[in-house]
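Order of the sequence lines fixes the chain letters, A, B, ..., with proteins taken first and strands second; residue numbering starts at 1 for each chain.
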Amino acid sequence: MGVIGEAWNWLANGANWAGESGVWHRLGEHVYVSAVALAIACAVALPVGLFLGHLGKGGTLAINISNIGRAVPVFAVLALFMVSPLRNAGYLPTIAALVLFAVPPLLTNAYVGMREVDRSVVEAARGMGMSGIQLFLRVELPLARAMVMTGLRSGAVQVVATATIAAMVGQGGLGRIITAGFNTYNTPQVVAGALLVAALALLVEGALVAADRLLLPRATSR
Amino acid sequence: MAAQNCLVANDWICWDYVTSRSQELTDATLEHVWITGVSVLIGIAVSVPLALLARRGRRWAAPVLGLTTLLYTVPSLAMFSLLLPVFGLSAALVVTGLVLYSLTILVRNVLAGLEAVPEDVREAARGLGYGPGRLLWQVELPLALPALLAGVRIATVSTVALTTVGSIVGKGGLGNLIAPAVNSSFKAQVLTASVLCVLLALVADLLLLGVQRLLTPWTRAGAGARSGSRSGARPAAPAQAAAPAPAPAKEA
């Protein structure tokens with residue numbers, strides 16, 4: 001039987017799902033950490049990105065933040081947190097690192113989405129006497145929605161994926177199943193853990209696409 | 001005195017560390033550079049044919065773009081682990097994972113570049129008697145270069161960052177220094193390796209920017225077209241022109 005078969009057997013074994021280092025507990029940690037980080041990142045990045053986009057200022061800032069986000073390894077940032085006093089703060093190092101990495105795509109997409117709104121539409125709305133706030137809420141935001149949602153999706157998937165790396169510095173989450181398998185030379189467990197993580201990432205992506213379509217079916221798809 | 005004991009005191013910044021472990025740091029940096037370099041080069045070699053395939057029509061574009069995007073969703077730790085049974089603990093494992101990630105960005109950019117070649121330029125080349133191969137090699141690819149190189153820059157920068165995760169199989173370049181240093185709480189090593197990693201990404205980006213400028217002189221405003229065969233066409237760089245949809249950033 002191949003490794004995939006053995007991994008399947010590992011997954012089918014109920015004993016591997018129970019307890020402190022079982023799949024359910026790790027999955028719970030993973031989802032909790034990802035959700036908190038994403039919520040904080042949204043609360044920080046979306047207002048800033050949307051507002052700067054509305055003003056039409058800070059484009060360089062948005063693009064640069066995005067580029068820096070790409071260049072800095074999460075693993076290194078997590079490692080830095082883990083050798084700082086933060087290491088005793090429970091989930092905090094992971095959440096802080098995840099927030100840092102979810103902010104760039106959210107911010108950049110929110111900004112670019114707002115800027116890409118057809119200028120003539122904005123001018124027309126302004127000509128109709130819309131105030132800044134009306135313009136923002138009724139014209140720009142709905143038109144920028146697709147782009148903002150794309151940012152939210154890539155941010156969410158990135159957070160779920162990155163939460164895996166937390167295991168490499170001893171934090172919780174599904175990645176722990178993989179690293180535990182590595183440490184005990186248990187390849188089926190490594191593969192089983194990887195399958196779980198990949199499945200979760202794809203599930204999150206799929207759920208967000210579905211939610212997006214269900215919430216506002218009339219919006220043009222890009 | 002404080003400077004002498006920074007290794008003992010476990011300071012964040014410690015020049016003693018850098019001098020005493022310079023060999024280790026150099027080796028890790030070199031490993032980092034070659035893993036990144038090989039991955040991006042293979043990525044380019046694979047993505048150009050894939051982009052050409054995707055260009056042949058919707059029947060090919062959907063699966064090619066769908067698959068490369070899907071691969072991007074797989075977390076890096078999981079990707080490296082899934083490839084483990086195939087490659088074992090080797091550099092090939094890390095390189096393969098990184099190549100698969102770079103495809104997402106590269107295929108899209110090559111495709112965007114090729115599609116931005118103006119139709120009249122193609123017509124003109126055909127009128128001059130260019131066959132499909134020569135058209136691609138001498139007209140379309142050069143004109144797609146700005147977009148291609150923009151993609152290469154993004155892919156390289158994120159690959160530099162991602163390589164660190166390869167330390168899970170002991171082939172992570174600078175990540176190899178970070179992982180053990182976390183367990184022993186060796187601050188200077190974590191910080192130095194992290195900073196080197198970011199510097200590496202920035203240097204690579206700047207170098208590629210230089211390459212891009214050298215290879216595509218016609219895209220610079222004011223610069224006269226140098227080579228006669230290229231002077232006829234000077235489209236703006238498609239992928240970098242006004243407000244590009246930001247490419248996704250890979251974790252790690």
Quick one: pull up [atom1] in [X] and [atom2] in [Y] and give me the separation to the nearest 0.5 Å.
{"X": "B:Ile168", "Y": "A:Phe182", "atom1": "CD1", "atom2": "CZ", "value": "4.5 Å"}
{"X": "A:Met168", "Y": "B:Ser76", "atom1": "CE", "atom2": "OG", "value": "8.0 Å"}
{"X": "B:Thr156", "Y": "A:Arg70", "atom1": "OG1", "atom2": "CZ", "value": "11.0 Å"}

ask   = Any side-chain heavy-atom pair from B:Ser167 and A:Phe75 closer than 4.5 angstrom?
value =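 Yes; the side chains approach each other to less than 4.5 Å.
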task = Please tell me if the side chains of A:Val83 and B:Phe186 come closer than 4.5 Å, counting only heavy atoms from C-beta onward.
result =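 Heavy-atom side-chain distance check fails, nothing below 4.5 Å.
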Under 4.5 Å, counting heavy-atom pairs only, tell me which of [options] racks up the most with chain A.
{"options": "B:Ser81, B:Ala181, B:Ala201", "result": "B:Ser81"}
{"options": "B:Ile178, B:Thr159, B:Val182", "result": "B:Val182"}
{"options": "B:Val195, B:Leu83, B:Val198", "result": "B:Val198"}

inquiry  = At under 4.5 Å between heavy atoms, what parts of residues 50-59 of chain A are in contact with chain B? List them by residue number.
reply    = none
message = Are there residues of residues 193-205 of chain A whose heavy atoms fall under 4.5 Å of chain B's heavy atoms? If so, which?
response = A:Ala194, A:Leu195, A:Val197, A:Ala198, A:Ala201, A:Leu202, A:Glu205
key: Proximal component of A:Val191, with respect to chain B [non-hydrogen, under 4.5 Å]   =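 For A:Val191, backbone and side chain are both near chain B.
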Contact origin within A:Ile178 toward chain B - heavy atom pairs under 4.5 Å =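 Contact with chain B involves the side chain of A:Ile178 alone.
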Would you find more than 12 non-hydrogen atoms of other residues, nucleotides or ligands less than 6.0 Å from [X] atom [atom1]?
{"X": "B:Phe87", "atom1": "CZ", "value": "yes"}
{"X": "A:Arg119", "atom1": "CZ", "value": "yes"}
{"X": "A:Trp17", "atom1": "CH2", "value": "yes"}

key: Qualifying residue, where the test is side chain to side chain contact (heavy atoms under 4.5 Å, CB included) with A:Pro73 and the options are B:Thr163, B:Val160, B:Leu162, B:Thr164   =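 By the side chain to side chain contact (heavy atoms under 4.5 Å, CB included) criterion, A:Pro73 pairs with just one of B:Thr163, B:Val160, B:Leu162, B:Thr164: B:Thr164.
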A:Thr164, A:Val190, A:Leu174 screened by side chain to side chain contact (heavy atoms under 4.5 Å, CB included) with B:Leu77, the one that passes = A:Thr164
request  = Between chain B and each of A:Gly175, A:Ser84, A:Pro104, A:Ala62, count heavy-atom pairs under 4.5 Å; write down the option with the most.
outcome  = A:Ser84
message = Taking side chain as everything from C-beta outward and backbone as N, CA, C, O, which of these in B:Leu82 sits under 4.5 Å from a heavy atom of chain A? Side chain, backbone, both or neither.
response = both
message = Please classify the contact between B:Leu89 and chain A as side chain, backbone, both or neither, with a heavy-atom cut-off of under 4.5 Å.
response = side chain
Closest approach of A:Thr187 to B:Pro85 (non-hydrogen atoms, all atoms of both residues) =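 Reported closest heavy-atom pair: CG2-CG, 4.3 Å.
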